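Notes for the one structure printed next.
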2 protein chains.
Amino acid sequence: MSKKNAILLAATELFSQKGYEGASMAELSRMTGAAGGTIFHHFKNKEDLFLNILRGIKEIILNSFDQYLEDGNLKNGMDMVEGAVSFYLQLASQMPTQFLLLHQHFPYKMAETNPVCRDYLESIYNCLLDNFEKGIVKGQKDGTIENVPARKCAMILFSMVDGIARFNTYQLYNAGALYDELIMMCRKMLRSDAYAPRG
Amino acid sequence: MSKKNAILLAATELFSQKGYEGASMAELSRMTGAAGGTIFHHFKNKEDLFLNILRGIKEIILNSFDQYLEDGNLKNGMDMVEGAVSFYLQLASQMPTQFLLLHQHFPYKMAETNPVCRDYLESIYNCLLDNFEKGIVKGQKDGTIENVPARKCAMILFSMVDGIARFNTYQLYNAGALYDELIMMCRKMLRSDAYAPRG
DNA sequence: AAATCAACCGAATGATCGGTCGGCTTTTTA
DNA sequence: TAAAAAGCCGACCGATCATTCGGTTGATTT
């Protein structure tokens with residue numbers, strides 16, 4: 001592996017473990033065996049290094065999402081919503097280091113002043129959030145989902161699933177153990193009354 | 001106000017804005033007008049300062065919770081769950097700086113090695129999480145809530161509400177605008193089928 | 001073979017970090 | 001009112017911070 005890639009990989013680990021301010025270039029140098037100067041040869045400064053990492057994460061997520069849509073076997077809107085939940089949880093468990101990064105505060109802090117950072121974050125979250133919203137809208141057309149405010153409910157769904165993924169990321173609870181209940185609750189939240197069981 | 005309190009107050013703001021590593025004692029000194037030595041006269045080090053802040057937050061939340069339970073007009077389990085949602089969102093909007101602190105990664109990181117920190121965080125989250133669980137259990141006894149796994153569903157509810165509160169904390173979206181939908185979704189998620197509308 | 005170039009090194013930089021210390025001032029105690 | 005204690009100050013400390021820079025290597029181009 002090229003030294004540049006080794007730096008990117010180690011820095012991802014370091015930023016996600018210690019945060020942006022807590023990660024030092026000297027430690028990164030130690031981790032990779034690269035001299036201090038080498039890091040700044042490949043990246044113009046610490047912020048630029050972080051933005052390169054974030055861009056990589058964005059590309060992985062957007063590519064995974066495209067892949068997921070191609071493979072998708074989505075019969076109706078409710079299936080699409082459930083698929084979005086699965087997709088999100090699988091993604092989060094497949095790349096825990098990257099999600100640990102995304103689940104910290106400093107990227108959002110940086111986004112307040114850095115438009116490139118903001119752009120990357122928006123791309124990531126729009127991709128994930130829109131996935132829920134499209135499912136709801138589709139479900140409302142095919143009758144599987146009730147007439148609820150699509151964007152708002154997508155946000156509620158998103159924050160629910162993201163919170164569960166966060167349990168996993170922070171190693172507070174195994175998200176997989178909540179999967180069945182999560183899917184069940186999504187169905188009950190959204191299903192049109194015509195499909196609700198009768199008392 | 002005593003200098004010690006001024007330091008605590010300013011440090012809360014500083015930690016929540018810049019994170020633990022990003023907050024410097026020199027800046028805290030500038031903010032409060034207190035000399036560097038004064039800060040270390042009142043708190044033995046940076047970590048101790050943070051723990052004092054966290055203890056204060058714990059006490060506010062636990063006291064608010066006791067107050068809420070006393071005032072509570074909770075007819076049945078479903079009411080109790082809805083009350084828990086309202087309580088959480090109100091709390092988060094009343095003390096945004098403190099929730100910004102709680103929503104960062106460094107307290108959990110510190111909790112891995114510092115048992116006092118862990119104790120404070122567990123107190124806070126058990127208080128909030130148990131509130132949901134008790135409501136669900138009660139509702140299952142009085143028939144307003146379906147026979148679902150109480151703890152697991154409490155966690156799902158918790159992460160949903162916490163995610164919405166986080167939107168607010170990070171100033172990405174106004175949580176109040178989602179309140180009605182949130183309550184509606186909670187009802188649909190939990191209500192026993194006997195109470196569900198018929199198609 | 002000479003020149004060019006990117007990759008890489010590691011010592012050095014000034015700034016800032018968390019934390020200490022001795023002494024001054026004010027309040028409390030005896 | 002004398003003594004003790006608590007609050008407070010700011011200069012100072014060694015360590016570490018992100019970043020710079022002059023120089024060496026090895027491959028590619030001319």
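From a predicted model like this one, the values you see are computed outputs, not experimental measurements. Below, each value reflects all heavy atoms present in this structure, side chains not excepted, and no hydrogens, waters or symmetry copies. Reminder, nothing fancy here: chain letters follow the sequence lines and each chain counts from 1.
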For a quick test of reading the model, state the closest non-hydrogen atom pair linking B:Ala150 to B:Ile136 and the distance between them.
O-CD1, 3.7 Å
Which atom names give the shortest non-hydrogen contact between A:Pro149 and B:Glu181, and what distance separates them?
CG-OE2, 3.4 Å
Quick one: closest heavy-atom pair of B:Tyr108 and B:Leu102, and the distance?
OH-O, 2.7 Å
Would you call the rings of B:Phe15 and B:Phe106 parallel, tilted or perpendicular if under 30° counts as parallel and over 60° as perpendicular?
tilted
Are any of the side-chain heavy atoms of A:Met189 and A:Ile156 separated by less than 4.5 Å?
yes
So, for B:Ala154 and B:Phe132, which heavy atoms are closest and what is the spacing to 0.1 Å?
CB-CB, 3.9 Å
Rounded to the nearest angstrom, tell me the gap between atom CD1 in B:Ile39 and atom C1' in C:dG19.
11 Å
Salt bridge present between B:Arg151 and B:Asp130 (N-O < 4.0 angstrom):
yes
Mind listing the closest non-hydrogen atom pair of B:Leu14 and B:Ser24 along with its distance?
CD2-O, 3.7 Å
Would you work out how much the helix from C:dA2-D:dT29 to C:dA30-D:dT1 bends between its ends, with each end axis defined by five base pairs, to 10 degrees?
0°
Contact span of DNA chain D against chain A, any nucleotide atom under 4.0 Å from a heavy atom, 5' to 3', runs D:dC17 to D:dC21
Closest approach of B:Gly83 and B:Tyr68, non-hydrogen atoms and distance?
C-OH, 3.1 Å
Please encode protein proximity along nucleotides 4-17 of chain C as a string of B, S and -, counting only heavy-atom distances under 4.0 Å.
---BBBB------S
Supply the atom-to-atom distance A:Tyr173 OH to B:Lys152 NZ, rounded to the nearest 0.5 angstrom.
5.5 Å
